[in-house]
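Reading through the structure tokens given below for one structure.
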Amino acid sequence: MRRGQRIWHQVNKPKCVRQGTIFAYGQTGTGKTFTMEGVRAVPELRGIIPNSFAHIFGHIAKAEGDTRFLVRVSYLEIYNEEVRDLLGKDQTQRLEVKERPDVGVYIKDLSAYVVNNADDMDRIMTLGHKNRSVGATNMNEHSSRSHAIFTITIECSEKGVDGNMHVRMGKLHLVDLAGSERQAKTGATGQRLKEATKINLSLSTLGNVISALVDGKSTHVPYRNSKLTRLLQDSLGGNSKTMMCANIGPADYNYDETISTLRYANRAKNIKNKARINEDPKDALLRQFQKEIEELKKKLEEGEEISGSDISGSEEDDDEEGEVGEDGEKRKKRRGKFFLVLEITLDCYLMIA
């Protein structure tokens, strides 16, 4: 599996990635982790993450023809502004956030597992969940002290119009954010207070990024001010579909936090992402030229004249051929040259692809 995976990446490396992101945001103790994970043993109480497993493999099972899929998962947490691989063997290792022009922002040495079905995904999530940083506060006995990001990467290989196999890639980020807290309510001291400070700092940065994106006038978006916003940069204002679940507490005691959460989520709702077709630019260009060639061939078959804008250099050909032969012979020679140029052009694009 791993060997086949490496070969696939070398031969059919995708160039465009479409992403989706689901956040769970709210005050500590309002059920964010339950929203994302739920009770996996009870079908009616499963959360967003396990339901997404069944949804993904349900669609894969319906695929027809030569379409092939490769599904990989990774699981990380951001604890005290340090990135930790929840699926790694060494849980003390801290990973670095890197950036490259060809892949964008990524985590160096983050482990990823190939999965064959929803049960494989569920087992991996259970393993990673055991390694999450949790702690007790006055508001939640099992409070998440970190932001957890479960990422599903799907690659689809299918035959294109040129007869070759082409790969598309998509990513789904499922984010269980740590809860915003007030020291007076949680009674946090010592290590818990340090954790709360880092949590509120990263959530505040996330709010600033959202405000800058919604405002539209800001020349700088502070993605780099926290690890959370840096990793989810493409999910905020990028090529992604993003949704935020606002978790609130119904008690009067939580009124201020509830209003704050709803305002936060309302700002996130106003982000305008520019989601585009997940397609290799070369493939899109190839299809565009193929479409134009078919249209030009159709015009010729119908006897229409080809203007100079349809093919470069056609006016020069007209002048050269206009001095010799009958009108029908001239049109025949011009048409022959035109098809020769079309065939050479198409061959060149097929070689590039």
Side-chain angles (χ1 to χ4, degrees), residues 14-27 32 36 74 76-84 94-108 110 144 146-153 169-181 195-247 257 259-279 281:
K15 294 210 170 181
C16 182
V17 179
R18 178 81 174 269
Q19 299 194 57
T21 303
I22 301 177
F23 289 100
Y25 173 83
Q27 180 190 11
K32 295 179 299 300
M36 298 304 291
S74 60
L76 64 89
E77 74 169 2
I78 303 172
Y79 174 71
N80 284 344
E81 281 301 292
E82 293 181 335
V83 180
R84 195 160 64 95
R94 301 297 179 257
L95 305 181
E96 298 179 55
V97 180
K98 299 285 187 178
E99 187 170 6
R100 276 175 26 200
D102 55 339
V103 297
V105 178
Y106 69 100
I107 303 296
K108 184 181 179 182
L110 180 66
S144 299
S146 65
H147 308 300
I149 304 175
F150 190 94
T151 301
I152 305 171
T153 303
M169 177 190 284
K171 283 187 177 182
L172 177 61
H173 300 293
L174 301 165
V175 187
D176 178 14
L177 296 173
S180 57
E181 355 183 301
E195 293 166 353
T197 302
K198 294 292 186 179
I199 290 169
N200 289 337
L201 179 63
S202 62
L203 292 176
S204 176
T205 302
L206 178 60
N208 293 336
V209 167
I210 291 172
S211 297
L213 291 170
V214 172
D215 179 37
K217 299 178 182 178
S218 302
T219 57
H220 172 67
V221 181
Y223 290 117
R224 293 175 177 267
N225 288 5
S226 81
K227 297 286 179 62
L228 177 66
T229 52
R230 183 87 187 281
L231 287 177
L232 298 176
Q233 180 172 332
D234 288 337
S235 301
L236 300 166
N239 178 30
S240 177
K241 290 287 187 180
T242 304
M243 185 186 79
M244 179 175 285
C245 299
N247 292 72
E257 287 80 4
I259 295 298
S260 176
T261 297
L262 293 174
R263 286 174 177 167
Y264 196 105
N266 184 62
R267 278 186 296 167
K269 186 180 69 173
N270 293 323
I271 294 177
K272 301 298 182 183
N273 283 9
K274 297 178 181 179
R276 57 187 180 272
I277 295 175
N278 177 19
E279 193 170 46

message: Between Leu203 and Tyr25, does the side-chain contact (heavy atoms from CB on, under 4.5 Å) criterion hold? Intermediate values first, please.
response: CA-CA 9 Å; Leu203 292 176; Tyr25 173 83; 3.9 Å; yes
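- Put simply, the side chain of Tyr106 does not reach to within 4.5 Å of the side chain of Glu99, judged on heavy atoms.
- Between Arg94 and Glu82, at least one side-chain nitrogen of the basic residue sits less than 4.0 Å from a carboxylate oxygen of the acidic one, meeting the salt-bridge criterion.
- Classification of Glu77 and Arg84 as a salt-bridged pair holds, one side-chain N sitting under 4.0 Å from a carboxylate O.
- With sequence neighbours excluded, the residues forming a side chain to side chain contact (heavy atoms under 4.5 Å, CB included) with Arg267 are Ile210, Ser211, Tyr264, listed by chain and number.
- Atom OG of Ser226 is separated from atom CG of Asn208 by 9.5 Å, given to the nearest 0.5 angstrom.
- Considering CE of Met36 and CG of Leu177, their distance stands at 8.5 Å, rounded to 0.5 Å.
- Of the possible polar contacts, none joining the Ser146 side chain to the Tyr79 backbone as a donor-acceptor pair under 3.5 Å is found.
- Residue Ile152 holds its CD1 atom at 12.5 Å from NZ of Lys171, rounded to the nearest 0.5 Å.
- A donor-acceptor pair under 3.5 Å links the side-chain atoms of His147 to the main chain of Ala178, judged by distance alone.
- Within 6.0 Å of the NZ atom in Lys227, the count of heavy atoms belonging to other residues, nucleotides or ligands exceeds 12.
- Residues Ile149 and Leu174 are not in side-chain contact: their nearest non-hydrogen atoms beyond the backbone lie 4.5 Å or more apart.
- Scanning both residues, Ser202 and Leu228, for their nearest heavy atoms gives O-CD2, 4.5 Å.
- The heavy-atom pair separating Val105 from Gln233 by the smallest distance is CG2-OE1, 4.3 Å.
- For the side chain to side chain contact (heavy atoms under 4.5 Å, CB included) with Leu236, the lone residue among Thr21, Val209, Val221 that qualifies is Val209.
- In this structure, Thr205 contributes its side chain and Leu201 its backbone to a donor-acceptor pair below 3.5 Å.
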Audit row: Leu76, Thr151, side-chain contact (heavy atoms from CB on, under 4.5 Å) steps and yes/no:
CA-CA 9 Å; Leu76 64 89; Thr151 301; 5.7 Å; no
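- When every heavy atom of Cys245 is checked against every heavy atom of Asn247, the shortest pair comes out as O-OD1, 3.4 Å.
- Gln27 approaches Lys32 most closely through the heavy-atom pair O-NZ, 3.1 Å.
- Scanning all heavy atoms of the two residues, the minimum distance from Thr242 to Phe23 falls at CG2-CE1, 3.6 Å.
- Here CD1 of Ile78 is found 11.5 Å from CD1 of Ile199. Values are rounded to the nearest 0.5 Å.
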Exercise for review: Decide yes or no on side-chain contact (heavy atoms from CB on, under 4.5 Å) for Thr153 and Met169, but give the supporting numbers first.
Suggested key: CA-CA 7 Å; Thr153 303; Met169 177 190 284; 4.0 Å; yes
